[in-house]
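Down below is the structure, laid out as structure tokens.
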Protein chains: 4
Amino acid sequence: MTDSKEPARARAAGAKRQRLVEAAADIVHRQGAERTTIADIARAAEVPVGNVYYYFKTKDELVSAALSEHERHLNLLIGRLNRLPDPRERLKGLIEGWVGQRDLAVRYGCPTGTLAAELAKRDQGGLDIEAGRVIRLLLTWVEEQFRQLDQPDPESLALTLVGAYQGMSLLANALRDPAVMEREGARLTAWIDSLGAA
Amino acid sequence: MTDSKEPARARAAGAKRQRLVEAAADIVHRQGAERTTIADIARAAEVPVGNVYYYFKTKDELVSAALSEHERHLNLLIGRLNRLPDPRERLKGLIEGWVGQRDLAVRYGCPTGTLAAELAKRDQGGLDIEAGRVIRLLLTWVEEQFRQLDQPDPESLALTLVGAYQGMSLLANALRDPAVMEREGARLTAWIDSLGAA
Amino acid sequence: MTDSKEPARARAAGAKRQRLVEAAADIVHRQGAERTTIADIARAAEVPVGNVYYYFKTKDELVSAALSEHERHLNLLIGRLNRLPDPRERLKGLIEGWVGQRDLAVRYGCPTGTLAAELAKRDQGGLDIEAGRVIRLLLTWVEEQFRQLDQPDPESLALTLVGAYQGMSLLANALRDPAVMEREGARLTAWIDSLGAA
Amino acid sequence: MTDSKEPARARAAGAKRQRLVEAAADIVHRQGAERTTIADIARAAEVPVGNVYYYFKTKDELVSAALSEHERHLNLLIGRLNRLPDPRERLKGLIEGWVGQRDLAVRYGCPTGTLAAELAKRDQGGLDIEAGRVIRLLLTWVEEQFRQLDQPDPESLALTLVGAYQGMSLLANALRDPAVMEREGARLTAWIDSLGAA
DNA sequence: GATGAATGAGACTTCATTCAT
DNA sequence: AATGAATGAAGTCTCATTCAT
């Protein structure tokens, strides 16, 4: 909903910036940061190339913004899951979400995971650390759910669950096979269900 | 061991080619395919840039050769593991090998996994399929071990084990934390040990 | 002192214009005209970039204004020196001023001289001629002092004195050595003192 | 003279590099380093733009090479002057050379002096220091001549002579007047002649 | 076969200037 | 008058690939 109090310009500007961020998040996911050119992103956002630099001083800043966009999505997802009353349901909801995105994973892998892997191969810039931070955000939330389920060593369990997600995304992507997501998703769901049964 | 029957020329040429392949495998692992230049590889292999094209018509062919080099390493590893008499020991040896490489994983991730993820973001060239093939090779071997252990659904178990490896490598890499490899490695070993106990 | 008769708008506008001119003179001296961007000047003057063009149609006009600002400073200096009763003292005061500015000269050279040298390398625009005019202003005044000292060929003497100033500024700047200014300044002072001894 | 023992390629390559250096020295003198583009130099040297980077990794390296080219010219000049038997004649020969170049000075100033002034306005890169070194080379040689003339404080005299040259070049350039070079040149020659007459 | 050099397309980035409000 | 945003032409630099010897 556009607030008519702010000038049309500011609205357009904010919208344009957001368009750029969304285009960056999407295209970087699909092509990788290295293969993505500023022109690719500008074209998708329908912004003249030169104008991109009004919003982002360097390509790396755009990649960083794309990362933040993924972080924002993750926070939205966590927010939705937090409305579920039971931590077990929350974890199962998370897994369900992963499986629901299987077609995207098959084609391009996990947005954050593949970007983290790509950025880790750089020596400079610190973008790799930003990527690590986003992944840690997920780990921390998952750990908290295991803790609420009174599980021992919730940190390790979080590592296992998130690791399984990254692994299944990578395999589904490498093998071009959505069934990987379904089978592993089902296994993880059953695992969560089995917890604390003893 | 050099076979004195082939002319010195060919021997030297073969050695040069092999140097290039090894350099490519190593540098592509560390920098990613996109960030690696032909000049990087040529320099590391101590081969003049122009000469690279005598052995590889395109950069993609070099990347493909790097992938084959990883495949060769994998086959060597499998060959060593196959000497172990027990499939359970073979799987545990595989996991042990993963954990033993944790420092490399922390810095650059799994050579094949990260390369597969990078190549999957391309539309053309078919290199992504080659990467999938290498990963499938590992999956197939692991599956065979589970089958020899009389486990039900060995294919899914292979997916779980290899997926866990890819996931823990990615997390260790993204978090820059070798402990991830150790904890997950220990868990996987315990899991393998627990199999068939019933 | 602000004249309350002109509307606040105009006063503010005039102040803004003056801020721009001063910032331009300063930054162009320190960075050179070519390396100085409109944004640099706008930022230093605390004026929005877009607004600069309300006062100056082109960047060259701003450079021209910077040149005029140096001319204004020169005229102020000449005005102060003219209050001295003796032409010999006036010339010595001029030299003293040069030496007093030695730290600035060491870092950035003579504001007018370096700008003249930079502008002379352009083919179009005529800014080089404006720079020549400012330098000629100084030459003319110095010539007049020599004339009042009854020196033969005052024009040549002016050339020698001002040339010595430009030369010592350039050398001090290139060698990053303020002592150059001191030694040459002392020599020039002694020279002026020696004049007309005959 | 081309040595037929080196391969034609190497000869051509060396020649091309030298063409680039000469073009850079010339164009940078005429346009200034900032206004000179790699394309300008490439065009003048008849070299494709991309190829320039085979010889010089950055534009700054080309500017540095231009500076070295001026240094080489200076060394050649010094070499010629050193064949003169008398230090007084050597200094007068130097001045004569300056005046002989007056048309170039009028249009573009002293190659080394204007470049030094331009480079001193940078904060990074160290090119300013290289420029200072070239100027110091001249100063040192001039100082040595004064020393051989048994003059007191030869260092200051060198500063005075070289400073006068830089000053007269700048004024001739700014005023677009070759007469400046002639008059100051004549004065300096007379000064050298008068030395030690006492 | 071998190799230093050449080529050209294209990437990122800067910036004077203009525009819309 | 004022101003954040827009524009597009350049400029520097990289690099896969090809060429000439």
Side-chain angles (χ1 to χ4, degrees), chain A residues 6-17 34-42 47-62, chain B residues 7 9-10 12-13 16-17 34-42 47-63, chain C residues 7 9-10 12-13 16-17 34-42 47-63, chain D residues 6-17 34-42 47-62:
Chain A
E6 22 173 1
R9 262 310 163 103
R11 243 185 302 135
K16 196 181 269 194
R17 201 196 135 93
E34 219 63 51
R35 285 180 87 84
T36 297
T37 70
I38 296 279
D40 289 338
I41 296 169
V47 167
V49 185
N51 196 14
V52 173
Y53 285 86
Y54 181 78
Y55 297 96
F56 303 95
K57 270 194 287 292
T58 62
K59 183 183 173 183
D60 272 10
E61 270 193 22
L62 243 185
Chain B
R9 276 289 186 72
K16 208 182 262 192
R17 195 196 139 91
E34 219 62 50
R35 286 179 86 85
T36 298
T37 69
I38 296 280
D40 287 339
I41 296 170
V47 168
V49 194
N51 201 4
V52 172
Y53 284 83
Y54 181 72
Y55 299 97
F56 303 95
K57 265 196 289 293
T58 64
K59 183 183 174 184
D60 273 9
E61 275 192 20
L62 244 182
V63 173
Chain C
R9 277 288 186 69
K16 208 181 262 192
R17 196 197 139 90
E34 218 62 49
R35 286 179 88 84
T36 297
T37 69
I38 297 279
D40 287 339
I41 296 170
V47 168
V49 194
N51 201 3
V52 172
Y53 283 83
Y54 181 74
Y55 299 97
F56 303 95
K57 264 196 290 292
T58 62
K59 183 183 174 182
D60 273 9
E61 274 192 20
L62 245 182
V63 173
Chain D
E6 22 173 0
R9 263 307 162 107
R11 243 186 300 135
K16 195 181 271 195
R17 199 196 138 92
E34 219 63 49
R35 286 180 86 85
T36 297
T37 71
I38 297 279
D40 288 339
I41 296 170
V47 167
V49 185
N51 197 14
V52 173
Y53 286 87
Y54 182 77
Y55 297 96
F56 303 95
K57 269 193 287 293
T58 62
K59 183 182 173 184
D60 272 9
E61 270 194 22
L62 242 184

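Residue numbers start from 1 in every chain, and the chains themselves are labelled A, B, ... in the order their sequence lines are given, proteins ahead of strands.
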> What is the distance, rounded to the nearest whole Å, between atom NZ of Lys16(A) and atom P of dG4(F)?
Replying inline: 16 Å

>> I want to check something: taking the side chain as every heavy atom from C-beta on, are Ile38(C) and Tyr53(C) in contact at a cut-off of under 4.5 Å?
In response: yes

> So do the side chains of Arg17(C) and Phe56(C) get within less than 4.5 Å of each other, counting heavy atoms only?
Replying inline: yes

> Given axes from five pairs at either end, by how many degrees does the helix from dA2(E)-dT21(F) to dT21(E)-dA2(F) bend, rounded to 10°?
Replying inline: 20°

>> Using the rule given for side-chain contact (heavy atoms from CB on, under 4.5 Å), can you reason through Tyr55(C) versus Glu61(C), listing the C-alpha separation, both sets of side-chain angles and the distance that settles it, and then say yes or no?
In response: CA-CA 9 Å; Tyr55(C) 299 97; Glu61(C) 274 192 20; over 6 Å; no

> Lys59(A) and Glu34(A): which non-hydrogen atoms are nearest, and at how many Å?
Replying inline: NZ-O, 3.7 Å

>> Checking Asp60(D) now: which residues fulfil side chain to side chain donor-acceptor pair (under 3.5 Å) with it, not counting sequence neighbours?
In response: Arg122(D)

>> Restricting to side chain to side chain donor-acceptor pair (under 3.5 Å), what partner residues turn up for Thr37(B), sequence neighbours left out?
In response: Asp40(B)

>> So, OP1 or OP2 of dA5(E): does either fall under 4.0 Å of a side-chain N or O from Tyr54(D)?
In response: yes

>> Without decimals, in angstroms, what is the distance between Tyr55(B) OH and dT3(E) C1'?
In response: 12 Å

> Is there a side-chain contact between Ile41(C) and Val52(C) (heavy atoms, below 4.5 Å)?
Replying inline: no

Any protein N or O atoms within reach of nucleotides 13-17 of chain F? Criterion: under 3.5 Å, listing atom names and distances.
from, atom 1, to, atom 2, distance (Å)
dC13(F), OP2, Tyr53(D), OH, 3.1
dC13(F), OP2, Lys59(D), N, 2.7
dA16(F), OP1, Lys59(B), NZ, 3.2
dA16(F), OP2, Ile38(B), N, 2.9
dT17(F), OP2, Tyr53(B), OH, 3.3
dT17(F), OP2, Lys59(B), N, 2.7

> Do you know the tightest heavy-atom contact between Pro48(D) and Ala42(D)?
Replying inline: C-CB, 4.4 Å

> How many Å lie between CZ on Phe56(B) and C1' on dT18(F), as a whole number?
Replying inline: 18 Å

